[in-house]
K.L.:
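This is the structure I want to talk about, given as structure tokens.
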Amino acid sequence: MGQAMPSYAGMPTWYAASANPAPQRPVLQGAHRATVCVIGAGFTGLSVALELAERGIDTIVLESERVGWGASGRNGGQLINGYSRGLDVLEARHGPAVARELGKVALEGAAIIRERVGKYGIACDLVDGGLGVALTAKQMRGLEEEAKVWAAHGHKTIAVLDREGLRAHVQSDRYVGGILDPLRGHFHPLNYLLGEAAAFEALGGRLFEHSQVLRVDEAGPRPRVTTAQGEVVADTLVVCGNAYLGKTMPRLSGQIMPVSSQIVTTEPLGDLAAQLLPSDACVEDANYILDYFRRTADGRLLYGGGIVYGGQDPASVEAKIRPGLVKTFPQLKDVKLDFAWSGTFAMTLSRMPQIGRLSPHVYYSHGDSGHGVTTTQLLGRLLAEAIGGQHARFDVFGNLPHLPFPGGQRLRALLSTLGSLWYTLRDRLGV
Ligand SMILES: Cc1cc2nc3c(=O)[nH]c(=O)nc-3n(C[C@H](O)[C@H](O)[C@H](O)COP(=O)(O)OP(=O)(O)OC[C@H]3O[C@@H](n4cnc5c(N)ncnc54)[C@H](O)[C@@H]3O)c2cc1C
């Protein structure tokens with residue numbers, strides 16, 4: 001296995017090993033005052049922080065470990081538009097008016113990424129284009145329907161591909177067809193975050209690493225957060241710790257379930273990488289427990305899949321992921337895997353992200369449920385709007401019901417595992 005760069009020692013990912021040079025940020029020491037304090041330097045935390053800094057609002061970000069240490073710096077790097085549930089499902093659940101409002105902003109997250117990459121010159125290997133691929137005729141009908149739903153919400157450039165058409169993008173016999181969305185894409189998520197962090201600091205923002213928030217005091221007129229060596233008193237607190245927040249704020253941990261997913265990267269493949277994925281689009285299959293993969297800028301295959309409800313790491317990531325990789329690309333039967341890692345995201349019962357307020361001055365956002373690269377950018381912007389007094393777009397999400405998991409914290413993982421076995425069986429049978 002490859003070694004992570006010293007600055008990200010302990011993070012065994014290809015992203016850490018290929019991270020752009022970045023300074024170690026200071027540890028919070030002593031008493032500080034800020035207009036806004038953000039917990040967590042992942043996609044959500046840095047998105048809201050950068051939005052606030054752009055508006056001239058004095059902001060402090062506190063991160064337990066390093067920038068991008070959580071799901072955001074270890075994911076598949078795929079920009080998937082929309083949510084973990086389709087706009088048609090959301091319409092059936094919440095009615096056409098809510099679905100229309102959710103549809104209006106469903107492409108904004110990816111647009112924010114493209115905007116910031118351009119504006120701040122962030123070197124993060126951003127590539128346009130992504131595929132959803134079907135293993136069965138039933139899944140293909142689902143993808144065709146998805147393209148129609150997107151078109152009804154104004155996104156009309158998704159192409160439907162049959163088996164042959166798909167081969168121009170993915171050299172695998174597994175798929176019966178797919179959809180190509182030019183507004184999807186992929187990037188190096190950790191380098192994107194490091195670019196956002198630098199932009200935030202250039203605008204006057206203060207970012208502290210190795211500064212885990214141990215206590216949140218909401219009782220006084222202003223929220224106060226305490227770390228091992230310091231404290232911040234702010235007018236507003238924004239909690240963006242997601243699955244890595246653990247039990248720091250029990251009111252939040254009860255609303256989500258930690259779920260881990262695993263990724264490997266192969267050794268550099270030379271010309272073979274472009275043969276396997278000729279158009280360099282990223283790929284996500286349509287299974288309930290899905291596989292996702294793409295090329296990296298240095299010519300590896302990055303392949304992810306599998307999940308563990310409850311968020312534990314499996315005994316061997318390689319043993320878990322290699323069989324799917326080889327099934328997709330038998331040519332890679334003997335390929336060496338240079339990196340293998342696990343990361344944890346937060347899932348909600350509805351699979352929709354949850355944003356809201358715990359009290360007048362404490363906001364939170366979590367639970368992007370496996371598709372968070374783009375929604376976190378959007379929700380960061382909506383949080384900043386709400387803090388600035390504009391609630392209309394924030395409320396579209398804030399008003400969605402936040403349902404607790406059946407079985408509580410003890411049984412939720414077991415019940416979800418049983419549910420997913422049922423859906424996996426249906427995927428295998430193609431029904
Ligand atoms: C393996 C994997 C693959 C994925 N692939 C994709 C993909 O390809 N496309 C996609 O759309 N989504 C994907 N996702 C989901 C996506 O990565 C997440 O939805 C998203 O990154 C969540 O961002 P976040 O900022 O909310 O949380 P996180 O990135 O987890 O950030 C939370 C941060 O808060 C910090 N923190 C927690 N508690 C404290 C505390 N008490 N004090 C200070 N700091 C604290 C953590 O250290 C962490 O850095 C994937 C997730 C995983 C795990």
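Counting convention: from 1, in listed order, for ligands and their atoms alike. Positions are given from 1 along the sequence. Computed from heavy atoms alone, side chains included, the values below leave out hydrogens, waters and symmetry copies.
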K.L.:
So, 4.0 Å and heavy atoms of Ala243: is ligand 1 close enough to count as a contact?
P.N.:
no
K.L.:
Where is the nearest protein heavy atom to atom 44 (N) of ligand 1: which residue, which atom, and how far?
P.N.:
Ser64 N, 3.0 Å
K.L.:
Measuring from atom 29 (O) of ligand 1, which candidate in Ser261, Ser72, Gly77 has the nearest non-hydrogen atom?
P.N.:
Ser72
K.L.:
Got an N/O contact under 3.5 Å between Tyr292 and ligand 1?
P.N.:
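By distance alone, the answer is no.
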K.L.:
So, regarding Gly45 and ligand 1 (criterion: nitrogen or oxygen to nitrogen or oxygen, under 3.5 Å), is there a contact or not?
P.N.:
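No; every N/O pair is 3.5 Å or more apart.
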K.L.:
So, does His371 sit close enough to ligand 1 that a heavy atom of it is under 4.0 Å from the ligand?
P.N.:
yes
K.L.:
In ligand 1, which numbered atoms sit nearer than 4.0 Å to a non-hydrogen atom of Thr248?
P.N.:
41 (N)
K.L.:
Heavy-atom contacts with Phe43 under 4.0 Å: which atoms of ligand 1 show up? List them by number with element.
P.N.:
21 (O), 25 (O)
K.L.:
Once side-chain hydrogen bond (donor to acceptor under 3.5 Å, both in side chains) is applied, do any residues pair with Arg174, and if so which ones, sequence neighbours excluded?
P.N.:
Thr328
K.L.:
Are Trp14 and His188 near enough that their ring centres are under 6.0 Å apart?
P.N.:
yes
K.L.:
Run the salt-bridge test on Arg300 and Glu267 with the 4.0 Å N-O cut-off and return the result as yes or no.
P.N.:
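Salt bridge flag = no for Glu267 with Arg300.
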K.L.:
Any nitrogen or oxygen of Val213 lying under 3.5 Å from a nitrogen or oxygen in ligand 1? Just yes or no.
P.N.:
yes
K.L.:
Just let me know how Val373 lines up against ligand 1, side chain, backbone, both or neither, with a heavy-atom cut-off below 4.0 Å.
P.N.:
both
K.L.:
For residues 34-47, which side-chain N or O atoms pair as donor and acceptor with protein atoms under 3.5 Å away, sequence neighbours left out?
P.N.:
{"unit_1": "Ser47", "atom_1": "OG", "unit_2": "Arg116", "atom_2": "NH1", "d": "3.2"}
{"unit_1": "Ser47", "atom_1": "OG", "unit_2": "Arg116", "atom_2": "NH2", "d": "3.4"}
{"unit_1": "Ser47", "atom_1": "OG", "unit_2": "Gln377", "atom_2": "O", "d": "2.9"}

K.L.:
Describe, in one word, how the ring planes of His402 and Tyr364 are oriented to each other, choosing from parallel (under 30°), tilted (30 to 60°) and perpendicular (over 60°).
P.N.:
perpendicular
K.L.:
Counting both backbone and side chain atoms, is some N or O of Ile263 under 3.5 Å from an N or O of ligand 1?
P.N.:
no
K.L.:
Among Asp313, Val264, Thr13, which one satisfies side-chain contact (heavy atoms from CB on, under 4.5 Å) with Trp341?
P.N.:
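Exactly one candidate clears the test, Thr13.
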K.L.:
Would Arg66 pass as a cation-pi partner of Tyr8, given that its NZ or CZ must be under 6.0 Å from the six-membered ring centre and within 45 degrees of the axis?
P.N.:
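Positive - Arg66 is close enough to the ring of Tyr8 and near enough to its axis.
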K.L.:
Write down the atom of Val170, the atom of Pro278, and the distance for their closest heavy-atom approach.
P.N.:
N-CD, 4.1 Å
K.L.:
What part of Ile39, side chain from CB on, backbone N/CA/C/O, both or neither, has a heavy atom under 4.0 Å from ligand 1?
P.N.:
side chain
K.L.:
Tell me the contacting part of Val67 for ligand 1: side chain, backbone, both, or neither, using a 4.0 Å heavy-atom threshold, strictly below.
P.N.:
neither
K.L.:
Above 12 or not: heavy atoms from other molecules or residues under 6.0 Å from CZ of Arg215?
P.N.:
no
K.L.:
Does only the side chain of Thr44 get under 4.0 Å from ligand 1, or the backbone, or both, or neither? Count heavy atoms.
P.N.:
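The answer is both, backbone and side chain.
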K.L.:
Examine ligand 1 and decide if any of its atoms is less than 4.0 Å from a heavy atom belonging to Gly304.
P.N.:
no
K.L.:
Looking only at N/O atoms, are Asn75 and ligand 1 under 3.5 Å apart anywhere?
P.N.:
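Checking ligand 1 against Asn75, an N or O pair does fall under 3.5 Å apart.
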K.L.:
Using a 4.0 Å heavy-atom cut-off, say whether Ser369 meets ligand 1 through its side chain, its backbone, both or neither.
P.N.:
neither
